[in-house]
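Only one structure is covered here, and it is reproduced in the block below.
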2 protein chains.
Amino acid sequence: MTTKPSKLAISTWAQLLRTSQRFTDQVEAALKHAQLPMLGWYDILLELHRAGSDGLRQFELGEKLLLPKHNLSRRIDKLQQEGLAERYLCESDGRGNVIAITDEGKKLLAKMWPVYAAQIEVLFEENLSGAEQQQLSALLEKLSKV
Amino acid sequence: MTTKPSKLAISTWAQLLRTSQRFTDQVEAALKHAQLPMLGWYDILLELHRAGSDGLRQFELGEKLLLPKHNLSRRIDKLQQEGLAERYLCESDGRGNVIAITDEGKKLLAKMWPVYAAQIEVLFEENLSGAEQQQLSALLEKLSKV
DNA sequence: TCATTTTAGTTGCATATGCAACAATATCGA
DNA sequence: TCGATATTGTTGCATATGCAACTAAAATGA
């Protein structure tokens with residue numbers, strides 16, 4: 001903390017937060033308009049889909065999604081109730097669960113993606129060239145080194 | 001929506017959301033550790049501070065912070081209860097309120113800033129040069145054209 | 001082996017947020 | 001002017017989230 005962050009750092013930081021919030025809001029609005037569940041559900045289902053039929057340990061899912069465990073616990077309850085995911089007892093660890101997506105879950109994912117994708121298209125791809133996207137990606141990559 | 005967003009666009013988008021969430025989490029953790037209120041309070045107080053002694057209309061505040069009105073309404077209740085902000089009736093518009101920061105609010109802002117700033121320092125400035133920050137800022141600027 | 005500590009997950013309770021309905025005032029248009 | 005509509009803000013209710021305490025099982029280590 002020898003030098004305070006520069007004006008530039010502060011304003012860039014603020015831009016980053018603001019941009020991500022505006023984008024999120026916009027995607028949420030689009031999903032709601034299409035009468036689909038929130039982005040949070042999409043994120044979970046996508047990770048489960050990626051994990052394939054073996055599923056994922058609950059804590060692994062939490063780490064990927066940056067979600068605290070108690071929060072995740074209840075979201076999975078919901079997904080399970082809706083028949084979008086299944087929760088098994090873990091064979092190799094008596095404490096744990098394994099979560100897997102169902103066919104219903106995959107269907108929902110497939111319905112949500114076009115809506116989500118259209119927003120990425122509008123918000124993102126229209127405003128940055130491929131080269132600029134690559135620049136942005138590289139800069140964000142550096143930031144995630146923390 | 002002629003072409004779906006490219007892989008690059010999608011992954012850069014994901015990076016953006018993820019980075020901003022990780023950073024926010026980290027700042028929240030630091031504030032909590034210092035027994036200070038959440039980032040949301042800081043944001044409000046900062047906007048009020050910027051607005052000066054004239055204060056701001058409640059809806060203006062909401063626009064700046066991207067907060068829905070009902071949410072803001074109750075946050076201001078809290079700030080008011082804690083003596084951090086004042087709510088006046090607006091003279092020129094009988095429906096409206098004017099919100100202004102109090103001296104207590106300014107003091108809190110001053111206590112929160114070093115904690116916040118230290119996180120920006122660590123998370124942000126250590127990983128990007130000035131030139132890179134400027135690049136990032138410019139790219140985010142383009143994105144906000146939406 | 002077996003007591004101690006860690007890890008995985010759930011639950012109760014308090015707080016925060018979203019949504020829709022509402023009240024009050026301002027603005028617009030015939 | 002005055003009725004219809006839009007804007008500003010609040011509130012009740014449902015849902016979501018955070019926090020701390022809890023259970024149960026694994027890992028550690030003497």
Side-chain angles (χ1 to χ4, degrees), chain A residues 21-22 24-44 48 51 55-82 84-100, chain B residues 21-22 24-44 47-48 55-82 84-100:
Chain A
Q21 195 193 333
R22 275 198 331 114
T24 304
D25 288 353
Q26 207 138 335
V27 173
E28 293 284 11
L31 288 171
K32 182 171 309 166
H33 183 259
Q35 299 189 295
L36 290 167
M38 301 185 308
L39 202 42
W41 285 38
Y42 183 86
D43 291 337
I44 296 185
L48 291 177
L56 268 182
R57 287 295 301 275
Q58 195 162 317
F59 75 94
E60 292 175 310
L61 192 52
E63 284 168 6
K64 284 183 192 296
L65 298 168
L66 305 176
L67 274 182
K69 58 187 182 177
H70 59 271
N71 194 336
L72 185 58
S73 181
R74 283 188 271 226
R75 280 208 208 170
I76 293 174
D77 290 347
K78 277 279 174 70
L79 290 177
Q80 209 177 4
Q81 284 167 30
E82 304 284 337
L84 301 166
E86 289 174 315
R87 176 152 36 189
Y88 306 103
L89 297 179
C90 178
E91 293 175 5
S92 59
D93 186 337
R95 300 165 295 182
N97 297 330
V98 177
I99 319 296
Chain B
Q21 196 194 334
R22 275 199 331 114
T24 304
D25 288 353
Q26 205 138 336
V27 173
E28 293 284 12
L31 288 171
K32 183 170 310 165
H33 183 259
Q35 299 189 295
L36 290 168
M38 301 184 307
L39 203 43
W41 285 38
Y42 183 85
D43 291 337
I44 296 185
E47 284 301 337
L48 291 176
L56 269 183
R57 286 296 301 276
Q58 195 164 316
F59 75 94
E60 293 175 309
L61 192 51
E63 285 168 7
K64 283 183 193 295
L65 298 169
L66 306 176
L67 274 181
K69 57 187 183 176
H70 60 270
N71 195 336
L72 185 58
S73 182
R74 284 189 270 227
R75 279 208 207 169
I76 293 174
D77 290 347
K78 277 279 176 67
L79 290 176
Q80 209 177 5
Q81 283 167 30
E82 303 284 336
L84 301 167
E86 288 175 316
R87 176 150 41 189
Y88 306 103
L89 297 178
C90 178
E91 292 174 6
S92 59
D93 185 337
R95 299 164 296 182
N97 297 331
V98 177
I99 319 295

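Lettering of chains follows the sequences in order, A, B, ..., and the numbering in each one begins at 1.
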For nucleotides 8-13 of chain D, 5' to 3', base contacts (B), sugar-phosphate-only contacts (S) and non-contacts (-) with protein non-hydrogen atoms under 4.0 Å give BBBBBB
Would you kindly give the CG-to-P distance between B:Leu66 and C:dT17, to the nearest whole Å?
14 Å
When rounded to whole Å, the CD1 to P distance for the pair A:Ile99 and C:dG9 reads 7 Å
Expected output: side-chain A:Glu60 to main-chain A:Arg57 donor-acceptor under 3.5 Å:
yes
Say you draw a straight line from CG of B:Leu67 to CG of B:Leu72; how long is it, rounded to the nearest 0.5 Å?
6.0 Å
Which parts of residues 33-44 of chain B get close to DNA chain C, meaning a heavy atom less than 4.0 angstrom away?
none
Rounded to whole Å, the CD-C1' distance (B:Glu82 to C:dT15) equals 13 Å
Kindly write out the residues that satisfy salt bridge (Lys or Arg N to Asp or Glu O under 4.0 Å) with A:Asp77, not counting sequence neighbours, or none if the list is empty.
A:Arg87
Gap between atoms CG and P, on A:Asn71 and C:dT17 respectively (whole Å):
14 Å
For the pair made of CD in A:Gln80 and C1' in C:dT10, what is the distance, rounded to whole Å?
13 Å
Interatomic spacing from CD1 in B:Ile44 to NZ in B:Lys78 - rounded to 0.5 Å:
11.0 Å
Heavy-atom pair with the smallest gap, counting every atom of A:Leu48 and A:Ala85
CD1-CB, 4.1 Å
Could you measure the distance from the CG atom of A:Leu39 to the NZ atom of A:Lys32? Nearest 0.5 Å is fine.
11.5 Å
How many angstroms lie between atom CD of A:Gln58 and atom CD1 of A:Ile76, to the nearest 0.5 angstrom?
4.0 Å
Report the distance from atom CD of B:Glu28 to atom CD of B:Gln26, rounding to the nearest 0.5 Å.
11.5 Å
Both A:Leu67 and A:Ser92 contact DNA chain D. Which one's nearest nucleotide lies toward the 5' end?
A:Leu67
If I take atom CG in residue A:Leu89 and atom P in nucleotide D:dA24, what distance separates them, rounded to the nearest angstrom?
14 Å
I need the A:Ile99 CD1 to A:Phe59 CZ distance, nearest 0.5 Å.
11.5 Å
Figure out the CZ/P separation between A:Arg75 and C:dG9, and round it to whole Å.
16 Å
What's the NZ-C1' distance between A:Lys78 and C:dT10, to the nearest Å?
16 Å
